[in-house]
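Below, chain A is the first sequence line, B the second, and so on; all start at residue 1. As the structure is a prediction and not an experimental result, all values here were calculated from the model.
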Protein chains: 2
Amino acid sequence: MEDQNKETGRIPLYRQIKQLIIHNIQTKHWKPGDFIPSESKLLDEFNVSRTTLRQAINSLVQEGVLESRQGKGTQVKIHPPGKLGEHSTIMFQEEGDQFYSRILRMEFSFTFFQAQKHLNVPENEKVFLFERVRMADGDPIAILQFYTPQHIGELLIKSDLHEHEPYAVIEENNGILKQATDWVSAVNATPHEADLLGIRGGESLVSISRLSYGIDEKPVEFSRTIYRADRFSYRVELAHN
Amino acid sequence: MEDQNKETGRIPLYRQIKQLIIHNIQTKHWKPGDFIPSESKLLDEFNVSRTTLRQAINSLVQEGVLESRQGKGTQVKIHPPGKLGEHSTIMFQEEGDQFYSRILRMEFSFTFFQAQKHLNVPENEKVFLFERVRMADGDPIAILQFYTPQHIGELLIKSDLHEHEPYAVIEENNGILKQATDWVSAVNATPHEADLLGIRGGESLVSISRLSYGIDEKPVEFSRTIYRADRFSYRVELAHN
DNA sequence: GTTTTAAACTTAACATAACAAGTTTTAAAT
DNA sequence: ATTTAAAACTTGTTATGTTAAGTTTAAAAC
């Protein structure tokens, strides 16, 4: 760590080290499952005290980015794509359901104002919308609207979204997701929604809005999904913390 | 810290310190909101290095038991009764709302089958139901059904449920809650529910079923609450761990 | 070749020291 | 009395050691 870092001061050294580690992960220098260099090697690379390095690493272990084991080493933790937390969002009644999606829209626009605001996208930049209907054994069960900033949207259209889940594409190209907030509520189906889902207008639907952040704390994805309430339940495990 | 602790070895010192701190909290020696002694005082009391003491304290801060602020001190964190996890269940639009409840039913019965099953109550024992309508500034916004095993129900009716929240009564008499599961879904209001909530029949409502467990891992409370969707949002914070 | 042993790695735990940066208390100045 | 400044607290950050405890590797013994 250079002197000017110590002198600029405001940002603690261990946080700067954290950022360097995160950068190595985001640039795929260290990939999920990889062992990062040992403490002694990182001490040489970063030129900080062991205390400081361990503070940075332990912090990332706490946040679920790294995983350390005594004697073995420290590796970048592997997470299933898009899976955050312990909640199991989708609880359909049958296991044998065949899932697939029917794409409704893939569109860049300046006018997705709510998503633009949540994603912190400047007004002169477009937002990408990816809209699908999710089917289970031929029945439509949910409408998914998936918004991302322009540069991520371009990544997505380059991939084959008919074949790959957007979460998987993002995590392969844009680093892993670290944190998200869900807002769960209920709405009455509009005639158009009822039409898509094959239900009567006014039926109750579960609405889930999600805002996801990457390990660099920047918003990655805003989505709104509405589920048929008769096919869906959202489970949350709660504990003190 | 005595020598035999260091020599028995297996349990790290900082974990032993953690246990001592927790013991002080459990025995109400240090109460929620209290500032615990400063680091220098605890160093004298425990006879360990600052590193070790801070490791114990920081660990408890991470777990949400303590809360430290530079320059001020470290205090035992206050958890609102019945509040588990980071989700903030109730997000009504205005801050100035005056909340109160109107009691509908307080009843012991053998026939609350769903609750009986979830609470693991034997068939020859009654289940207690406490049913209310929650009001915000005069508007009804939710119907709350609160089920407990018989012995807890008896505690509740002895307290003044017009004055005290059942969660608070339980945590004062029956220990704190440790874990809970929420199931969130959506339903259409029945005519009776619409009547109670002052809305049209068929309106969308958010339905939350909760099963709570105490420190002894036994079920304490099963509840079902339905909220007017226009006044309610359920927020969940998700993170890797 | 196989097993055993020791060495060389890894992270975990603990102590001591010094300084920085907030907050409160106290004493001084007005 | 009020304001100001200094001192005395508090937790936060960083450095430098040392020893312990797992895991892997390499050498030695068979």
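- In this entry the distance linking NZ of Lys18(A) with C1' of dT13(D) reads 14 Å, nearest Å.
- In this structure dA29(D) sits in a base pair with dT2(C), meeting the Watson-Crick or G-U test at under 3.5 Å.
- In this structure, Phe146(B) has its ring center under 6.0 Å from that of Tyr167(B).
- Within the 4.0 Å cut-off from OP1 or OP2 of dA15(C), at least one side-chain nitrogen or oxygen of Thr52(B) is found.
- Residue Leu60(A) contributes atom CG, which lies 14 Å from atom P of dT11(C) at whole-angstrom precision.
- Taking only side-chain nitrogens and oxygens, Ser49(A) comes nearer than 4.0 Å to OP1 or OP2 of dA15(D).
- For Gly71(A) and Gln55(B), each mapped to the nucleotide of DNA chain C holding its nearest heavy atom, the one lying further toward the 5' end belongs to Gly71(A).
- Per the geometry, CG belonging to Leu43(B) stands 10 Å off P belonging to dT10(D), to the nearest Å.
- Distance Gln70(A) CD to dT23(D) C1': 9 Å, rounded to the nearest Å.
- A side-chain donor from one of Arg69(A) and Gln75(A) sits under 3.5 Å from a side-chain acceptor of the other.
- There is a side-chain donor-acceptor pair under 3.5 Å between Glu221(A) and Ser212(A).
- Base contact: Arg54(B) has a heavy atom under 4.0 Å from a base atom.
- Using a 4.0 Å heavy-atom cutoff across all strands shown, Arg50(A) reaches at least one base atom of the nucleic acid.
- Ser38(B) has a side-chain polar atom (N or O) that falls below the 4.0 Å cut-off from OP1 or OP2 of dT10(D).
- Checking side-chain atoms of Ser209(B) against main-chain N and O of Trp183(B) turns up no donor-acceptor pair under 3.5 Å.
- What separates CG of Leu66(A) from C1' of dT11(C) is a distance of 13 Å, to the nearest Å.
- Relative to the side chain of Leu13(A), the nucleotides dG12(D), dT14(D), dA15(C) differ in distance, and dT14(D) lies closest.
- Rounded to a whole Å, the CG atom of Leu53(B) is 14 Å from the C1' atom of dG12(D).
- Side chains of Asp182(B) and Tyr234(A): no donor on one and acceptor on the other come within 3.5 Å.
- Between Thr51(A) and dT13(D) there is no side-chain N or O to OP1 or OP2 distance below 4.0 Å.
- Put simply, Ser40(A) has no side-chain N or O that comes within less than 4.0 Å of OP1 or OP2 on dC9(C).
- Closest approach to the Tyr14(B) side chain among dT10(C), dC14(C), dA12(C) is made by dC14(C) (side chain taken as heavy atoms from C-beta onward).
- What separates CD of Gln75(A) from P of dT11(C) is a distance of 11 Å, to the nearest Å.
- Candidate nucleotides dA12(C), dG12(D), dT23(C) were compared by shortest atom distance to the side chain of Lys72(B), and dT23(C) ranks first.
- We find that CG of Asn58(A) is positioned 15 Å from C1' of dT13(D), with the value rounded to whole Å.
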